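Scroll down for the structure; my scribbles are underneath it.
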Amino acid sequence: MNRLTMGALACVVALTATVASAEEVQVAVAANFAAPMERIAAEFAKDTGHKAVLSVGATGKFYAQIKNGAPFDVLLSADDETPAKLAAEGDGLADSRFTYAIGRLVLWSSKAGVVDPAGEVLKKGDFKHLAVANPKLAPYGAAAYDTLRKLGLLETLTPRFVTGENIAQTFQFVATGNAELGFVALSQVQVPGKPAEGSQWIVPASMHAPIKQDAVLLKKAAQNPAALALLKYLRGDTAGKIINSFGYER
């Protein structure tokens, strides 16, 4: 057998071994993290051979689904409270928890010139509708409420709220013009490779509680190699660069 044939055979054996060991991990992903996670999942598949199957939604709804037996292996939450609660209740593994990203809140309009860089538009009130995510289901919604309380505008502006079930729906309200402006995740408007659209005010982090987004391995996936590999991958440089590029901190 010549060297070329032996080399080709070795490649086939290596590829077969990779395919044979490849596994799937079912991931519940907070809506604000959908875009970066899609990119991370693609790199994860290339680098490890494992496949991350993503379900995107509101953290509060994921909690209820997990408590009712939903077949998720990993939760990438929009907060740090839900993973802690799942771990305390025995549905998640406490020692697997870590903060994979710290989110930033932004007041955004799909139109240029609507939102000024200091957010004074909120005080002027030159708008009919303000999109805000449900604070009971979405941590970005809770952060928006914190911000408006700090500005002394919560009671004044509540009648103008258009409430999204999650931050993805809230973003759609603004993107489609159903609300002139709204509080969304910076990651939704800061997309790598795309020019910024509309107008925005990045809310100072001091205006609300930190939006720590934690990951947790769910109990049923304790022996799932793809789930374990994904959590390790999220801590690494490749994932970190993608996460930072969308405006998150680590």
Side-chain angles (χ1 to χ4, degrees), residues 25-42 44 52-68 70-87 91-93 96-106 108 131-146 163-175 182-192 203 205 208-218 221 227 230-231 233-235 239-240 242-250:
V25 51
Q26 302 291 327
V27 190
V29 183
N32 74 87
F33 200 66
M37 191 57 204
E38 286 176 2
R39 298 195 184 190
I40 291 170
F44 175 67
V53 180
L54 311 182
S55 298
V56 177
T59 293
K61 284 208 164 185
F62 280 139
Y63 171 79
Q65 291 169 0
I66 290 166
K67 296 300 291 184
N68 284 303
F72 297 123
D73 300 311
V74 169
L75 171 65
L76 299 184
S77 180
D79 64 3
D80 58 352
E81 295 175 359
T82 302
K85 189 175 181 181
L86 287 168
D91 298 288
L93 301 180
S96 72
R97 286 176 48 222
F98 69 96
T99 299
Y100 66 89
I102 299 174
R104 293 300 305 271
L105 184 71
V106 61
W108 178 69
V132 181
N134 186 335
K136 294 181 180 179
L137 296 175
Y140 281 82
Y145 271 63
D146 284 349
T163 303
E165 181 180 278
N166 55 47
I167 202 65
Q169 186 179 56
T170 306
F171 177 82
Q172 284 303 314
F173 286 151
V174 184
F183 285 101
V184 300
L186 179 59
S187 60
Q188 293 172 301
V189 300
Q190 180 174 306
V191 180
V203 178
H208 56 78
I211 307 174
K212 290 184 179 181
Q213 302 195 193
D214 279 12
V216 66
L217 178 68
L218 299 176
L230 178 63
L231 291 178
Y233 197 81
L234 281 167
R235 293 176 182 266
I242 294 172
I243 290 168
N244 291 152
S245 72
F246 276 86
Y248 293 94
E249 298 173 0
R250 291 265 285 193

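Only this structure's heavy atoms are used, side chains among them; waters, hydrogens and symmetry mates stay out. Fair warning: this is a prediction, and the values are worked out from it, not measured in the lab.
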* Residues Y63 and D91: side-chain donor-acceptor under 3.5 angstrom -> no

* For I167 and Y140, which heavy atoms make the closest approach, and how far apart are they? -> CD1-CB, 3.6 Å

* To do: Please tell me if the side chains of L76 and Q213 come closer than 4.5 Å, counting only heavy atoms from C-beta onward.
  => no

* Asked: Is the shortest heavy-atom distance from the side chain of F171 to the side chain of V189 under 4.5 Å?
  -> yes

* May I ask you to check whether over 12 heavy atoms, not counting those of Q190, lie within 6.0 Å of atom CD? => yes

* Structure fact -> Heavy-atom closest pair (D79 atom, P139 atom, distance to 0.1 Å) is CB-CG, 3.4 Å

* Reported NZ-to-CD distance for the pair K61 and Q65, which is rounded to 0.5 angstrom -> 7.5 Å

* To do: Please tell me if the side chains of N32 and Y248 come closer than 4.5 Å, counting only heavy atoms from C-beta onward.
  => yes

* Would you indicate whether the side-chain heavy atoms of V216 and D214 approach each other to under 4.5 Å? => no

* E165 and N134, any side-chain heavy atoms less than 4.5 Å apart -> no

* Asked: Please walk me through it: do L234 and F98 pass side-chain contact (heavy atoms from CB on, under 4.5 Å)?
  -> CA-CA 10 Å; L234 281 167; F98 69 96; 4.0 Å; yes

* Structure fact -> Note: I242 and P36 closest approach over all heavy atoms is CG2-O, 3.7 Å

* Structure fact -> Value for CG (L218) from OG (S96), rounded to nearest 0.5 Å, stands at 8.0 Å

* Structure fact -> In this structure, CE of M37 is separated from CD1 of I243 (nearest 0.5 Å) by 8.5 Å

* Asked: What heavy-atom pair brings Y100 and A215 nearest, and what distance separates the two atoms?
  -> CD2-N, 3.5 Å

* What closest approach, in Å, do E249 and R104 show between heavy atoms, and which atom pair accounts for it? -> OE2-NH1, 3.7 Å

* Atom CD1 in I66, atom CG in L75: separation rounded to 0.5 Å? -> 4.5 Å

* Asked: Where do F246 and F33 land on the ring-ring contact (aromatic ring centres under 6.0 Å, His included) test, with the steps shown first?
  -> CA-CA 9 Å; F246 276 86; F33 200 66; 8.1 Å; no

* Provide the closest heavy-atom pair for L105 versus V184 in the form atom of the first, atom of the second, distance. => CD1-O, 3.5 Å

* Validation row: F183, V203 side chains within 4.5 angstrom (heavy atoms) -> yes

* Give the C-alpha distance, both sets of side-chain angles, the deciding distance and a yes or no for side-chain contact (heavy atoms from CB on, under 4.5 Å) between T163 and Q169. => CA-CA 9 Å; T163 303; Q169 186 179 56; over 6 Å; no

